[in-house]
Amino acid sequence: MYLVGAGPGDPGLLTARGLALIAAADVILYDRLVGEGALDGARADAELLFVGKQGGGDAVPQELTEQLMVARALDGKTVVRLKGGDPFVFGRGGEEALALRAAGVEFEVVPGVTAGVGALAYAGIPVTHRGLSSAVAFVTAQSGSEDAGPGSGSWPDWPALAVFPGTLVFYMGAARLAEIASSLIAHGRAQDEPAAVVQAGTLPAQRTVTGTLATISREAERAEMGAPLLLVAGAVASLAGELSWLPPRPLAGRTVAVTRARAQASALASRLELLGAHVVQAPAIATRVLEADVPELTPYDVVCLTSPNAVSALFERLAASGRDARALAGTLVAVIGAGTAAALAERGVLADVVPERPIAESLVEALAEVPIARVLIARASRAREVLPDALRARGAEVDVLALYETLPEPIAERELARALSADYVTFTSSSTVASFLDAAAPRTLSRTTRIVSIGPATSATLAERGLQAHVEAVRHDIDGVVDALLADAASRDGGPRR
Ligand code: SAH
């Protein structure tokens with residue numbers, strides 16, 4: 001049984017340990033404040049149980065949550081209890097740990113970045129700062145029973161908080177901003193002390209307002225700030241403007257589905273995430289290296305590699321027969337584009353021929369002046385015949401070496417449902433189109449979903465399936481896809497739908 005902190009919202013702030021446990025869990029019990037992306041790494045067959053408060057409605061009672069945890073753990077399941085921020089900071093993680101101990105269940109606690117530190121950092125507010133603040137207090141704004149400290153009835157202890165010599169960070173105070181500020185002032189805290197309110201820190205909806213204790217609640221009200229938010233009082237709040245660092249996030253609030261094979265998806269996914277998108281990974285295909293025997297390469301004038309996958313498969317198969325990069329010595333190496341050249345460079349080989357546009361027709365052109373008697377084309381088992389046909393037409397002896405195949409990959413229902421209703425879905429090859437739509441059938445993409453295609457071949461496959469690409473990349477690579485999507489988002493800026 002693992003009590004795991006999910007951090008303040010940005011999935012990138014989950015710890016490595018937390019991610020590993022989420023990926024391994026049979027059962028995950030999670031709260032509302034757990035960022036949407038945090039569960040992406042869960043197993044498709046994991047049991048996901050929501051145990052938080054829904055809107056203004058009732059929370060799953062704490063006792064029931066604890067009973068569920070204990071029952072699943074005693075069943076021998078690997079159970080993750082995932083909580084926003086840090087489990088031991090206003091998270092009732094301590095109570096849950098006590099319940100586990102009482103039931104004789106072993107547990108591990110995985111700390112998380114608490115909102116009072118993480119959300120404020122994203123707003124450019126350091127909780128301590130030399131010369132400004134030498135102490136920080138994390139305070140619950142809730143009075144009464146559950147989260148209150150000693151002497152429950154009289155929490156918050158305004159006289160003590162007013163004289164605290166450092167930064168005050170209030171959690172759970174969204175509904176009581178005016179009361180907090182005025183109580184602090186009434187008990188002697190300076191009216192003009194800098195203050196800030198940070199809403200949904202680290203999440204796409206993050207916003208910050210600043211002011212003083214006297215003005216902050218009015219400012220927050222005017223900006224319609226709502227939970228989850230933090231109120232910070234202290235000189236450090238005045239740094240929020242100067243230290244604001246979060247780059248503009250043009251895709252904030254938009255959901256983008258990525259359908260390419262999981263092994264290749266991360267570069268695209270992380271670029272989209274940096275731009276603020278919420279990425280749904282719905283890999284529709286997987287690649288499998290074939291048991292191909294790579295012939296002696298020296299007799300060939302040219303070896304053509306038509307994808308980064310072909311490069312990795314070639315080196316895997318060379319290694320299987322005790323060879324390495326030297327097998328390419330003395331042969332001209334031509335690649336389809338910059339991505340394939342980069343994959344090759346990682347293995348210590350610089351491509352001799354790289355066409356400007358990463359398509360077979362451009363490679364044919366780039367090879368026009370190269371004398372070729374024998375050529376080897378290393379590629380996927382199923383591919384267009386443009387390159388071999390063109391080279392044969394000019395009299396070359398062409399051998400095609402099928403190094404890998406792409407196979408349809410089952411998509412977990414959760415990801416599929418989210419992909420079908422995403423703001424954007426990206427297709428980076430014809431095979432992802434076919435496999436994705438087959439996996440979804442009889443359902444299809446929602447009518448509001450914008451379809452992004454990497455290029456004409458992929459768009460043609462979409463058309464065959466009765467769908468029209470709304471956006472087609474000008475450059476037929478990942479950068480081109482991102483650029484096209486950004487341009488589309490900017491041109492349609494009535495803002496995101498959510
Ligand atoms: N265990 C959590 C806190 C849970 S209490 C942690 O360590 O962060 C819930 C309160 O946390 C909210 O009412 C709000 O005050 C604060 N909070 C959580 N996530 C937040 C976020 N992304 N931005 C601002 N405040 C947040």
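In each ligand, atom 1 is the first atom listed, and ligand 1 is the first ligand listed. This is a predicted model, so every value here is computed, not measured.
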Can you confirm whether or not the ring centre of F50 sits under 6.0 Å from the ring centre of Y30? yes
Flag the pair F436 / F427 as yes when their ring centroid distance falls below 6.0 Å, and as no otherwise. yes
Can you tell me which residues line ligand 1 if we count any heavy atom under 4.0 angstrom from one of its atoms, in chain and number order? P8, L33, G84, G85, D86, V89, F90, T114, A115, A119, Y171, M172, V198, A200, G201, P228, L229, L230
Not counting sequence neighbours, which residues clear side-chain hydrogen bond (donor to acceptor under 3.5 Å, both in side chains) with R130? List them please. none
If you count the non-hydrogen atoms of other residues, nucleotides and ligands that lie under 6.0 Å from CD in E413, is the total more than 12? yes
Taking NZ, NE, NH1 and NH2 as the nitrogens, is one of them in D488 or R450 under 4.0 Å from a carboxylate oxygen of the other? yes
When you compare the side chains of T78 and Y2, does any donor N or O come within less than 3.5 Å of an acceptor on the partner? no
